[in-house]
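As the structure is a computational prediction, the values presented were derived from the model and not from experiment. So you know, we letter chains A, B, ... as the sequences are listed, proteins then strands, and number each from 1.
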Protein chains: 4
Amino acid sequence: MIVVMKVGTPEAEINRLGSELKELGLTPEKIVGAHKVVIGLVGDTATFNIELIQEMSPWIENVLRVEKPFKRVSLEYRHGQYSEVVVPTPNGDVTFGPNHPVVVVAGPCSVENEEMIVETALRVKAAGAKFLRGGAYKPRTSPYAFQGHGESALELLAAAREASGLGIITEVMDTADVEKIAEVADVLQIGARNMQNFALLKKVGAQNKPVLLKRGMAATIDDWLMAAEYILAEGNSQVILCERGIRTFDSKYTRNVLDLSVIPVLRSLTHLPMMIDPSHGTGKSEFVLSLAKGAIAIGTDSLMIEVHPNPKKALSDGPQSLTPDAFDQVMQELAEVEKLTGRGQKELATV
Amino acid sequence: MIVVMKVGTPEAEINRLGSELKELGLTPEKIVGAHKVVIGLVGDTATFNIELIQEMSPWIENVLRVEKPFKRVSLEYRHGQYSEVVVPTPNGDVTFGPNHPVVVVAGPCSVENEEMIVETALRVKAAGAKFLRGGAYKPRTSPYAFQGHGESALELLAAAREASGLGIITEVMDTADVEKIAEVADVLQIGARNMQNFALLKKVGAQNKPVLLKRGMAATIDDWLMAAEYILAEGNSQVILCERGIRTFDSKYTRNVLDLSVIPVLRSLTHLPMMIDPSHGTGKSEFVLSLAKGAIAIGTDSLMIEVHPNPKKALSDGPQSLTPDAFDQVMQELAEVEKLTGRGQKELATV
Amino acid sequence: MIVVMKVGTPEAEINRLGSELKELGLTPEKIVGAHKVVIGLVGDTATFNIELIQEMSPWIENVLRVEKPFKRVSLEYRHGQYSEVVVPTPNGDVTFGPNHPVVVVAGPCSVENEEMIVETALRVKAAGAKFLRGGAYKPRTSPYAFQGHGESALELLAAAREASGLGIITEVMDTADVEKIAEVADVLQIGARNMQNFALLKKVGAQNKPVLLKRGMAATIDDWLMAAEYILAEGNSQVILCERGIRTFDSKYTRNVLDLSVIPVLRSLTHLPMMIDPSHGTGKSEFVLSLAKGAIAIGTDSLMIEVHPNPKKALSDGPQSLTPDAFDQVMQELAEVEKLTGRGQKELATV
Amino acid sequence: MIVVMKVGTPEAEINRLGSELKELGLTPEKIVGAHKVVIGLVGDTATFNIELIQEMSPWIENVLRVEKPFKRVSLEYRHGQYSEVVVPTPNGDVTFGPNHPVVVVAGPCSVENEEMIVETALRVKAAGAKFLRGGAYKPRTSPYAFQGHGESALELLAAAREASGLGIITEVMDTADVEKIAEVADVLQIGARNMQNFALLKKVGAQNKPVLLKRGMAATIDDWLMAAEYILAEGNSQVILCERGIRTFDSKYTRNVLDLSVIPVLRSLTHLPMMIDPSHGTGKSEFVLSLAKGAIAIGTDSLMIEVHPNPKKALSDGPQSLTPDAFDQVMQELAEVEKLTGRGQKELATV
């Protein structure tokens, strides 16, 4: 860390502060500039809180962090080696990681009834998806909107899992529900609105289940990685990071702005695998295919795509969901892009 | 609601959609424009979900809400009459509302030990605060930062309450802790990061305790009011809305941007009382006084101000907290501004 | 347009407003809802100003635009047919458009001296670029930063054009410089900071030169298309839209957020061709290749990539620029992605 | 400046970089940390470009600025003394500065005809305004919206000046118009969209006229002060900074978010006087009074308020403008708030 002192700080105060910093086990090194004095802190400052330092003296103008604020999620923590998240499913182990095929997670926003969820599972499996997504508990902006069927939907997900052999990814919204959901789900999802629900992060960190951590809609990369750090700090290192669009000044033509630059950014900062959700990212089904292609070309490890059978309203594809037929087509086109990346071949080789 | 159809929508589809809308109890009225057809929906659409309508036809270009999405929190729901939140404290009832004196809540970020919290309570009470704030459970970006003393801090808050007679406001972060905290707290605080933790909103909505609902850092006014609507929908209408700064493109000189325009905006939309938190809003103690003055001049019902005794480091005022001495001064200057608003006088009259 | 009236608007006022709207040549249609009255305006409202309508009555709550605010840039204006921008260069015509190969524009941020700009031009041409970019006039946040060599740099660009046969793209910042720059440049660039410099837009709209219009850093899609509409309204329809990253709440790891969703969004709204600038979009040369791949996979018509020879400092690649060697490699990898899109083949066919 | 080197930078490279930095006249001081080496740069780095340093070595991870990037606008440049902008008007000199009464600028968005502008001038003067605002050249998002009457409106402003004795503030949008406008205007306004139109900033910097510099809608405080620095660097130090609302994720109930925290922030950074524009900041006339009160209580030096006579449509107050009658009322209430600040008394003393 670098401590920048205000112009005119008395030397006695700089010395006092230096002594106090030494008590914390840090070695302060003073640089006397033309206008200002700056103190470099040598030592293990990664887990020090900036505010803690800042409160030490009213003469401190600014504290700049040179080390990254996260530790266990950092690429350096694994000496530059990427980690893999291996998830056992009825159809076999599925691996999320940069040296494995792109994993596609597909399914409806929420579980409506057994027929629809089993049918969707079979269709997306046939198209090549490895996981079924589907909400039992749904975060909704309005208390009057459908909140998910809850516990009974978990049984339907279990039925779909059995029928299709797909792994199940579903959202947890309350610490009280984690164990119950973990009985059915193969991956626990933390939604964007709960990304900094620290009680929930600690709870899933204490489970022996992989966690899909969605980025909050105004979360910086650091916020997001620190949220993952909560889970790893509790002992669970099976975390997949999922970008689902951020909130900006424009939401007229897309619900959010899908930040695809996170793919190389995360790759340079963390060993954890990542996922892109173009369905929530754009909120429009007609933009899903092109952005999914882009995400694969850029290097994502996995994708989450909303698919809804909507049998009764054959004309409709909804604002965000694809029909199973459209999804078939999407998967074929994505396979072409994936070939380019060299990922597809590797799986063939190991089969 | 207004349903805008795409250019070239077949008339048969418009008629089909009209029939389906009638099944929902709505009366569709068709306007045939130069290029487009628009359908006005007459009926109680406030609690209808926009997505639900949008999914009815692939020919729908857009659904525009004309009614507000919230109901119980709206000013219309109380026929234009503002509500008051009356909180019993050892020192007597304190009322939050537009026709009552500005209520000041003060105290440290987190409860450190009995001496500091009791001393702070006595000092802020002497200066005119009606509530003590202090975190027992702290939401922290980093898992390595101090997370609050938890349950043991609740006892210290109880001691400070007894010693000072102040009401206690403290944060709840987990549904599992709500009852325990409600035993000590006079007001339950939902923090910015949990504003859309819907499980938690429902839980506090089921308590018989006032709730302080902080605005999420990227929450729109509608998101925020819908979060309050969750609490009211569960039966608890004692909600105070607290602005604490939003996240924008600039955080160099202030941690957040304190959005003081919410004061007249909320007043025009909701009957609920409101609070402004300039300490979190700016993140700098030297900006607290001027923005607190502004908040009162604009019309806030209450203020939350961070105060920390910091006896050992007398030189320091920390980046965000005021010392008790500085707080004394702030309260005197705020009283001058409050006189202007005509609020102060009213209390004198009733004493 | 849809005019939403406030609750309780007197019927006389609605009738008065209706008459006034008829005077403007519009046909008002009234929908009486449960709580509100809404007036649909039938007629050519695309070029009507929302404020104009709003000021007609204090009883108007809101005016919602159903038609798009732009006209000449819209896809409908050309009946769904995409336009092409054909630019004559010494090496032959180069076409920007969805049915043509991806056009790559490359070069340094600013023109430093003849040797460097000619060398860069030859290198990027050899790698496959069709245009040389290079700033003669540079918009810089600081008045103390290098502002470009101005007029003398235009001669160097002319020399590079002659030596390489590449077309030249350079920025105009002042109406007074437009003619002078247009003598040398094949495409006039409007930078992000001048996207709403309407005097400049009108001036380039009156030239017979293609214009590259960069998106402002906080410009909505509508703002951007309206800026293009200014150019088309003056008679110049040769406009290319360039996304270069938007400003959000996070700029720690990338300078801006490159919004790749604009590719399908623009394709659905406008007939104009588009360009993506991953160098400014990320501000980091190491992220350029992956995001450029993504942009091609998603469907961009062209790319702008910063390349700097930096001969003296062989170790350095600068924060945002690629070396010519790195650019060679990038172009080879991009060609692979382009093959997927089917664009590459078409040019081969026409050669 | 602080240069942070990447983990594993060879010592030879650090030494090479050190030598190169010395050639620039800087004194590098090396701090060897646990993981990283950091180089503190001692010398006059305020006007150094961060990119220039960053490009010196590929081993540089980050360059952090410790000094502020601006110089002439900084409070330190005047040794902590605030500057005043004194504007001669027919009615006498008007002074903008922290020790002078709050100056109110009022008038319509654009000059429509002689009668309306003269009438407005007389009304706002009677209410206490010192300047008339009114657009001759209007920046409009749409090329089809009214663009102002241009040169002929300048004559009408001159007529209003003569009739009322008020100073005139009007916007310049093109370098070609500056001299012409400067003949009539007492203060030249640079609008939000042109805040980084550097050619225009240089041009007004070369005039002997005060400049009102509006904050760009996504401009950071540093961007804004650097834009002012352009004007001062050209020799014109009569600059007033005007906040008019920033663009955020929410624009439903207010057009922009008026950032009132800039008042104490600017006061801590710059000697220049400031203005707040609640009319553009909120876009709603009903919110103008309360936010104007807040701005004065927080400490603004001046206010800009939209007033429109709108005689033909007596019922209308427009979305953003006040009627002259409403403005009378506003001015009376603002005078009450100003008394609190102690500013009002001072003028009385000097009369």
* Rounded to the nearest 0.5 Å, what separation is found between the NZ atom of C:K284 and the OG atom of A:S261? -> 10.0 Å
* Straight-line distance of C:L260 CG to A:L291 CG, nearest 0.5 Å ->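 Spacing of CG (C:L260) from CG (A:L291) equals 7.5 Å.
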* Which region of C:L289, side chain (C-beta onward) or backbone (N, CA, C, O), has a non-hydrogen atom less than 4.5 Å from a non-hydrogen atom of chain A, or is it both or neither? -> neither
Any idea which of [options] has the most non-hydrogen atom pairs under 4.5 angstrom with chain A?
options: C:V262, C:D223, C:V337; value: C:V337
options: C:P278, C:G299, C:G294; value: C:G294
options: C:A297, C:G245, C:P264; value: C:P264

* Closest non-hydrogen atom pair, C:R215 against A:F249 ->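 Scanning both residues, the minimum pair turns out to be NH2-CE1, 4.2 Å.
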* Asked: Of all heavy-atom pairs between C:K252 and A:D222, which one has the smallest distance, and what is that distance?
  ->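 That would be NZ-OD2, 2.6 Å.
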Tell me, for [X] versus chain C, whether the close heavy atoms (under 4.5 Å) come from the side chain, the backbone, both or neither.
X: A:R247; result: backbone
X: A:L269; result: side chain
X: A:T220; result: both
X: A:I263; result: neither
X: A:A292; result: neither
X: A:T254; result: side chain
X: A:S251; result: neither

* Asked: Between C:D250 and A:I221, is there a donor-acceptor pair closer than 3.5 Å when you use the side chain of the first and the backbone of the second?
  -> yes
* Is the shortest heavy-atom distance from the side chain of C:S268 to the side chain of A:F287 under 4.5 Å? ->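 Counting from C-beta outward, C:S268 and A:F287 do come under 4.5 Å.
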* **Heavy-atom side-chain proximity of A:I246 to C:T248 below 4.5 angstrom** =>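 In short, these two side chains touch, coming nearer than 4.5 Å.
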